[in-house]
Participant: 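Input: one structure, supplied below.
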Amino acid sequence: MIGTVFRSEDVPSGDRFDHWREMVGRMRSPSDITSAHAADFWARSRVMELGPMTVWPTSFLPTRYWRSPKMVRQSDPELYHLTLLLEGGLALDHAGRTDSFGPRDLHLTDSSLPYDLRPYGTRAAADDPEPPVIKGVGVDIPKALLPLAPHRVRELLGRGLPGREGFGALLADFLISLERQADTLQPSDAPRLGAIVLDLLSAWCAQVLDAEAALVPESRQRVLARSIQVFIQQNLHDPELTPPVIAAAHHISLSYLHRIFQQQTQGETVAAWIRRRRLEGAARDLANPVARAMPIHAVAARWGISRASDFTRAFRAAYGLSPKEYRHQALTGVQGERNSACAE
């Protein structure tokens, strides 16, 4: 599992809002936090440290975050903060701009500048007893890591930018998937995941600015390789996923696909990477007690392997056991652990 989970219901009701303010203050640059729902506050968050990057999916009742010039002078962690909004609405005053944004919009702020981030258009209906919830994913990035000139990044600050197409969609989908997969990811995965976030964020900034040339060649190649890997991961279920299909989807030649992919994966081929990812996904399903009733051929098909014999042969080569033997061993071990826990 990656990340530390915060749930306001785990804190006494009278202390929830103060606890939230303290936690956000530690996470982000200091700001003044207020809410009309402070007396009965609710929030949830998961803080994922991915190398030098921090990703934190969060949900909370409408709250205002205000960072004054004095606060900037007192403390500046030199961070860019990206927000992907998933539910609700927000308005932002920052870097001389005022903008509002809604679900699937992205916005970027600079800790070296004041801001005023507040709820927008989130008033509950008269017959709705529950106040609306704001949900999103935040990302903190050390400014020195973003391979773009600061004056170009400033053009993006304070603007509501769509995350529905191009690298914005890839970035948004990856951030959403991080939260969904957080319980299955390992701490050792964190640096690699942080590198993927940084590359996708860099590519998105450059695309919005129409300034991909501003990225150094090595960064452009990393970004393209990450984009290809995200595309593969999202299409592992498709048995027609092949190197020619991947190359066509990214408007590059097949030879260029193989070259940059092997450069970025220490020599692993596209086909080998696809096969490894499919087998890893199948192994997780086989070891999952919830999926014990799923036939082995259905597990294989779920991961894009339509021939059961091909699946068995590849799985045995990778894990030293047949899929049936692997499932039996994994589930027997789980049951043994449960029995031991009950006996204790």
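Predicted, not measured: the structure shown is a model, and the values here were computed from it.
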Participant: Using a 3.5 Å distance criterion without hydrogens, assess whether the side chain of Asp15 forms a donor-acceptor pair with backbone atoms of Pro12.
Facilitator: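 No; zero donor-acceptor contacts below 3.5 Å.
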Participant: List the steps, then state whether salt bridge (Lys or Arg N to Asp or Glu O under 4.0 Å) holds for Arg118 with Asp116.
Facilitator: CA-CA 6 Å; Arg118 56 196 181 278; Asp116 184 359; 3.7 Å; yes
Participant: Could you please spell out the steps behind the salt bridge (Lys or Arg N to Asp or Glu O under 4.0 Å) verdict for Arg302 and Asp285?
Facilitator: CA-CA 10 Å; Arg302 168 174 152 79; Asp285 284 351; 2.6 Å; yes
Participant: Is the closest side-chain donor-acceptor distance between Gln181 and Thr184 under 3.5 Å?
Facilitator: yes
Participant: Hey, mind stepping through Arg46 and Asp183 against salt bridge (Lys or Arg N to Asp or Glu O under 4.0 Å) and telling me if it holds?
Facilitator: CA-CA 11 Å; Arg46 180 191 289 267; Asp183 289 333; 3.0 Å; yes
Participant: If only atom types and distance count, is the side chain of Asp199 paired as donor or acceptor with the main-chain N or O of Ile196 below 3.5 Å?
Facilitator: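 Checking the backbone N and O of Ile196 against the side chain of Asp199, no donor-acceptor pair under 3.5 Å is found.
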Participant: Side-chain heavy atoms under 4.5 angstrom apart, residues restricted to Ile, Leu, Val, Met, Phe, Trp, Tyr: same cluster for Val11 and Met23?
Facilitator: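 Cluster IDs for Val11 and Met23 match.
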Participant: Below 4.0 angstrom, N of the basic side chain to O of the carboxylate: do Arg16 and Glu9 qualify?
Facilitator: no
Participant: Given Phe60, which partner from the list Phe17, Tyr65, Phe41 fulfils the ring-ring contact (aromatic ring centres under 6.0 Å, His included) test?
Facilitator: Tyr65
Participant: Any Lys/Arg nitrogen of Asp173 or Arg104 sitting under 4.0 Å from an Asp/Glu carboxylate oxygen of the other?
Facilitator: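 Here Asp173 pairs with Arg104 in a salt bridge, since their nearest N and O are under 4.0 Å apart.
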Participant: Looking only at the side chains, is there a donor atom on one of Thr109 and His107 sitting less than 3.5 Å from an acceptor on the other?
Facilitator: no
Participant: Are Trp20 and Phe6, when compared by the centres of their aromatic rings, separated by less than 6.0 Å?
Facilitator: yes
Participant: So, Glu325 side chain and Ser322 main chain: donor-acceptor pair closer than 3.5 Å or not?
Facilitator: yes
Participant: For the backbone of Phe231 and the side chain of Asn235, can you confirm whether one donor and one acceptor N or O come within less than 3.5 Å of each other?
Facilitator: yes
Participant: I need the Arg316 CZ to Leu321 CG distance, nearest 0.5 Å.
Facilitator: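 Here the rounded value is 7.5 Å.
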Participant: Above 12 or not: heavy atoms from other molecules or residues under 6.0 Å from NE2 of His328?
Facilitator: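 No, not enclosed.
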Participant: Quick one, Asp32 with Arg67, criterion salt bridge (Lys or Arg N to Asp or Glu O under 4.0 Å). Give me CA distance, side-chain angles, the key distance, then yes/no.
Facilitator: CA-CA 6 Å; Asp32 186 32; Arg67 180 165 164 81; over 6 Å; no
Participant: Is it the case that Ser111 and Lys143 place a side-chain donor and acceptor less than 3.5 Å from each other?
Facilitator: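 Absent: no donor and acceptor within the cut-off.
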Participant: Evaluate whether atom CZ of Arg97 has more than 12 neighbouring non-hydrogen atoms of other residues, nucleotides or ligands under 6.0 angstrom away.
Facilitator: yes
